[in-house]
Amino acid sequence: MSKVLMLHRDFLMLSFLLLLCAVVASPALAAEAGRVKVSKGEVQIERDGKRLPAPVGATIQARDTVKTGPDGSVGITFQDSSLLSAGPNSELVIERFVFDSTTHKGEFDTALKKGTLAVVSGKIVKQSPEAMRIRTPAAIMGVRGTEFVVKVDESVTK
Amino acid sequence: MRFVDAPVILAIALVLGACAHSSRWANAPQAIEAGAVGSGNGQAANELVVLLPKANGSVGAVVVRSEGSATIVLDKPYAAARIAGAGRVQPLTYDADFAKKEFSATLAALPVRPITFLLYFLEGKDEFTPDSEREVERIFAEIAARPDPEISVIGHADAVGTMQYNDQLSLQRAQRVRVDLARRGIPGKYIEVAGRGKREPVVVHTAADAPEPMNRRVEIIVR
């Protein structure tokens, strides 16, 4: 094999590796699901076992747990324009958030472990009804384009 | 996890509920797939879902599923379901004032609704129409009024050409507007762009590939 050809092959290999790096790295860039827009009293984000403050402007990612204290409440706007808010003594897990801004296809799963939640659905539901789901300890709510509130009384479910 | 003080009545419900039904939910699956509902802790629950009318007065729907129970569709204002445990779902109509009061702190924390603006271009030019020029002023006012404002610039195309071509074209339109907004003083880091191609026409023609200036637009969402 000629030297030129081998160089060419190395270049191709390098390009391929660089491309692979870019592909592997991109989910980290796309991790933002939403932002905290309202934060009152005690509000915390739990991410990878770490506790983070949740001021206005804080990023919410899939797999985050959001907790509010007795005086706390939090409002989050997601990238598909869905809104979620939680009242005092609430625990919310953003289990999955996937949204394609071109096709509007996506999946949005949230679990309310305790407390209260208000939901305003966004573009994911407009594109695919019930692609947004709220799970409670005893039920699942499939969202078909709407606004609603949910309450889970922890003193009873625990 | 902390416990909250429970009204006596709920405590009674817990005892009664647990006695009557504990065996039924002992091995409920934890899956979150539609139809398969996780409960699994083998104890009573007290959960409530209440459908609200939308801000524009219309009403959507929520489907409530709980293992061992028929699916319930809530599709009227203040239609509600109380869930006393897996499979124990009771439909009811909630009092509007009571719902607003019971969920007041939660509803008060809802972020300001995202607002959408449409911008049109002068034909064959890179400039906005006079109406759209005034819209830009409103966009600035909206951005200034919101905490942590985010802006999505979404390009749309008419039906002339392939899907791929229009995805590209609509994205280019959005990027052009992003540059323009940045030049007018909105920091680029707040602006994300997307191209919806020909998926979301404002005006629909019978001919599948009809040209339509109303569909050649850029939508701006301020969140």
Side-chain angles (χ1 to χ4, degrees), chain A residues 35-38 40 56-57 70 73-77 79 81 83-91 95 101-104 109 111 113-122 125 129-130 133-158, chain B residues 1-6 10-11 13-14 32 34 37-39 41 43-55 59-66 74 83 85-86 89 99 102-103 105-114 146-148 150 152 154 167 192 194-197 199 221 223:
Chain A
R35 298 256 193 106
V36 173
K37 302 286 184 180
V38 178
K40 289 177 196 156
V56 169
S73 61
V74 63
I76 306 162
T77 299
Q79 288 185 335
S81 291
L83 313 177
L84 293 183
S85 67
N89 292 314
S90 298
E91 185 177 339
E95 295 183 323
S101 61
T102 297
T103 63
H104 286 187
D109 289 299
K113 303 283 187 186
K114 63 166 184 166
T116 53
L117 175 72
V119 180
V120 178
S121 64
V125 167
E130 295 192 50
R133 291 164 292 264
I134 308 291
R135 191 160 63 92
T136 62
I140 286 185
M141 287 108 211
V143 185
R144 292 184 187 166
T146 193
E147 307 187 10
F148 64 103
V149 283
V150 187
K151 184 180 188 177
V152 171
D153 195 323
E154 182 218 19
S155 61
V156 178
T157 53
K158 279 286 144 186
Chain B
M1 206 174 289
R2 271 169 303 179
F3 281 72
V4 245
D5 290 334
L10 290 182
L14 162 66
I32 57 162
V37 174
S39 165
N41 60 12
Q43 290 173 32
N46 183 29
E47 302 174 6
L48 174 71
V49 195
V50 185
L51 190 70
L52 304 177
K54 285 195 231 178
V59 179
V62 174
V63 183
V64 183
R65 295 188 177 89
S66 185
L74 308 178
I83 304 136
V89 184
E102 190 173 1
F103 290 93
T106 315
L107 292 169
L110 268 178
V112 184
R113 317 254 153 170
R146 284 173 185 250
D148 182 46
E150 295 167 83
S152 292
I154 302 154
D167 282 359
E192 55 158 40
R196 279 278 275 159
R199 290 175 188 76
I221 302 177
R223 300 196 296 268

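To find a chain, count down the sequence lines: A is the first, B the second, and so on, and within it residues start at 1.
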Can you measure from CZ (B:Arg113) to OG (A:Ser81) and round to the nearest 0.5 angstrom?
11.5 Å
Judged by atom type as modelled, is there a donor-acceptor pair below 3.5 Å linking the side chain of A:Lys37 to the main-chain atoms of B:Asp148?
yes
Between B:Val50, B:Asp167, B:Val64, B:Leu74, which residue shows the highest count of heavy-atom pairs closer than 4.5 Å to chain A?
B:Val50
I'd like to know which of A:Thr102, A:Ile76, A:Val150 tops the heavy-atom pair count under 4.5 Å against chain B.
A:Thr102
Given that the side chain runs from C-beta out, which part of B:Leu51 has a heavy atom under 4.5 Å from chain A: side chain, backbone, both or neither?
both
Let me know if A:Val149 has heavy atoms under 4.5 Å from chain B in its side chain, its backbone, both or neither.
both
Less than 4.5 Å to any heavy atom of chain B: does that hold for the side chain of A:Thr103, its backbone, both, or neither?
both
Tell me if a side-chain donor or acceptor on B:Glu47 pairs with a main-chain N or O of A:Ala138 at a distance below 3.5 Å.
yes
Spacing of CD1 belonging to B:Ile154 relative to NE2 belonging to A:His104, to within rounding of 0.5 Å
5.5 Å
Could you list the residues that satisfy salt bridge (Lys or Arg N to Asp or Glu O under 4.0 Å) with A:Lys151, not counting sequence neighbours?
B:Glu102
Rounded to the nearest 0.5 Å, the CG atom of B:Asn46 sits from the OG1 atom of A:Thr136 at a distance of 11.0 Å
List the residues meeting side chain to side chain contact (heavy atoms under 4.5 Å, CB included) with B:Ala109, not counting sequence neighbours, and say none if there are none.
A:Val38, A:Ser73, A:Ser85
For chain A, the option from B:Ala194, B:Ala105, B:Ala61, B:Gly60 that forms the most heavy-atom pairs under 4.5 Å:
B:Ala61
Is B:Ala108 in contact with chain A via its backbone, its side chain, both, or neither, using a 4.5 Å heavy-atom distance?
both
Could you walk me through whether A:Arg144 and B:Val63 pass the side chain to side chain contact (heavy atoms under 4.5 Å, CB included) check?
CA-CA 8 Å; A:Arg144 292 184 187 166; B:Val63 183; 3.3 Å; yes
Chain A contacts, top residue of B:Glu192, B:Arg146, B:Lys54 (heavy-atom pairs, under 4.5 Å):
B:Lys54
With side chains defined as the heavy atoms from C-beta onward, is the minimum distance between A:Leu83 and B:Pro114 less than 4.5 Å?
yes
Which portion of B:Arg199 sits near chain A, non-hydrogen atoms under 4.5 angstrom
side chain
Proximity breakdown for A:Ile134 and chain B, heavy-atom pairs closer than 4.5 Å:
neither
Looking only at heavy atoms, what is the nearest atom pair of B:Pro147 and A:Val56, with distance?
CB-CG1, 3.8 Å
Please flag which part of A:Val36 lies under 4.5 Å from any non-hydrogen atom of chain B: side chain, backbone, both or neither.
backbone
Does any heavy atom of chain A fall under 4.5 Å from the side chain of B:Ile221, the backbone, both, or neither of them?
side chain
Option in A:Val119, A:Val143, A:Thr77 with maximal non-hydrogen atom pairs under 4.5 Å from chain B:
A:Thr77
Closest non-hydrogen atom pair between A:Thr146 and B:Leu52, with its separation:
OG1-O, 4.2 Å
